[in-house]
Number of protein chains: 2
Amino acid sequence: MEIKTAVTSLSALAHEGRLTVFRALVRAGQSGMAAGRIADESGTPANTLSAQLNILSQAGLITSERQGRSIIYSACFDQMSDLIVFLMEDCCAGEACVATSVEAAANRVLCCTTENKELTQ
Amino acid sequence: MEIKTAVTSLSALAHEGRLTVFRALVRAGQSGMAAGRIADESGTPANTLSAQLNILSQAGLITSERQGRSIIYSACFDQMSDLIVFLMEDCCAGEACVATSVEAAANRVLCCTTENKELTQ
DNA sequence: TCGATATTTCAACGATACTGGAAGTATGGA
DNA sequence: TCCATACTTCCAGTATCGTTGAAATATCGA
């Protein structure tokens, strides 16, 4: 990931409203959420939210798809994954303590995912 | 990590100049770099750089220590580690693809660190 | 103590970002 | 075709950010 791309992604996430929206979309998973529902749940006016979604979208962090009158937004994990890897490799290079913590977190996430899959299968 | 803290850290890094400075400090390692040298190498005026360092410092991403007339700045990895873990756990929850990529990156970093240690011992 | 060096703080400005009212566009149903 | 719904775009006001010149502070050596 190039530094300019990283700055764009970081800027998009560096706003409490947008970060909250992004996390809501992460929790919503693959089915995503309609813009209107996000606006309702966050109590943000529709036009303000639209601007926030646009910034996240231009940063490649979310994608949208129209479904009837609604537009469904969902988190796009590729960009987030690239960003995290960039932060770890290019911004913490060679720091074992960071890599160890992060690896442990990755294992916790993988563990939970596996558990969830087992539960839902 | 709380969301406000995350936003502060993300904001501090969401600026090309500041991110470049932070990466330079990461590369400099434990010995750090004097403010003047950072200014020279980045071609940034001293007062502009001072403001940038202040923002990174207030976000807990770097620390400083006076040494004679110089002030030595160095990267503070704890905060960065917390931020990466926050992004992975709270902003990618349950996404195996992210955790897998990140875990692989963590392993690469750990591998390099080990190699470096072997070389320098 | 004085001057040189290293860095920060202050004040002001221009630039950019954020918000929300009003108007515009797209879709589906009557 | 017309209306309601669901969003977006446009625009203007306000707030915040980023940079810089000038002045202040801290340290060291003579």
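Everything numeric here is computed off the predicted structure, so don't read it as measured data. Here is how names work: the chains are called A, B, and so on, in the same order as the sequence lines, proteins then strands, and each is numbered from 1.
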Partner of B:Val102 under side chain to side chain contact (heavy atoms under 4.5 Å, CB included), chosen from A:Ile84, A:Leu110, A:Leu87
A:Ile84

Proximity to the side chain of B:Ala34 - top-ranked nucleotide from C:dT27, C:dT19, C:dT7
C:dT7

I need the CG-C1' distance between B:Leu56 and C:dT8, as an integer number of Å.
16 Å

Rounded to whole Å, the CZ-C1' distance (A:Arg69 to C:dG28) equals 5 Å

Distance-only polar pair, side chains of A:Gln79 and A:Ser9, donor-acceptor under 3.5 Å:
yes

Kindly indicate whether the side chain of B:Arg23, heavy atoms from C-beta on, has any atom under 4.5 Å from the side chain of A:Asp90.
yes

Using a cut-off of 4.0 Å on non-hydrogen atoms, how would the nucleic acid contact of A:Ala39 be classed: base, sugar-phosphate, or nothing?
nothing

Per atom distances to the A:Ser50 side chain, the nearest of D:dT20, C:dT7, D:dT9 is D:dT9

Counting N and O atoms only, with roles assigned by atom type, does the side chain of A:Arg27 sit under 3.5 Å from a partner on the main chain of B:Ala93, one being a donor and the other an acceptor?
no

Residue B:Asn47, side-chain heavy atoms: nucleotide from D:dG21, C:dA26, C:dT7 that is nearest:
D:dG21

Compare every heavy atom of B:Ile72 with every heavy atom of B:Ser31, then report the nearest pair and how far apart it is.
O-CG2, 3.4 Å

Regarding the side chain of A:Thr48, the nearest nucleotide among D:dT20, C:dG20, C:dT7 is C:dG20

Between C:dT9 (C1') and B:Gln52 (CD): distance, integer Å
16 Å

Spacing between B:Gln58 atom CD and D:dT16 atom P, to the nearest angstrom
16 Å

Checking D:dT8, C:dT7, D:dT19 against the side chain of A:Tyr73 (C-beta onward), the nearest is D:dT8

Under 4.0 Å, heavy atoms only, any strand: does B:Ser70 hit a base, just the sugar-phosphate, or nothing?
sugar-phosphate

Let's see if you can work this out: which of C:dT19, C:dT7, C:dA26 has an atom nearest to the side-chain heavy atoms of B:Ala35?
C:dT7

Integer-rounded Å distance: D:dT9 P and A:Asn54 CG:
6 Å

Nearest-Å distance for atom pair CG/P, residues B:Leu19 and D:dG18
13 Å

For atom CD1 of B:Ile55 and atom C1' of D:dC17, their distance in whole Å:
8 Å

Would you indicate which nucleotide in D:dT20, D:dT8, C:dT7 comes nearest to any side-chain atom of A:Ala46?
D:dT8

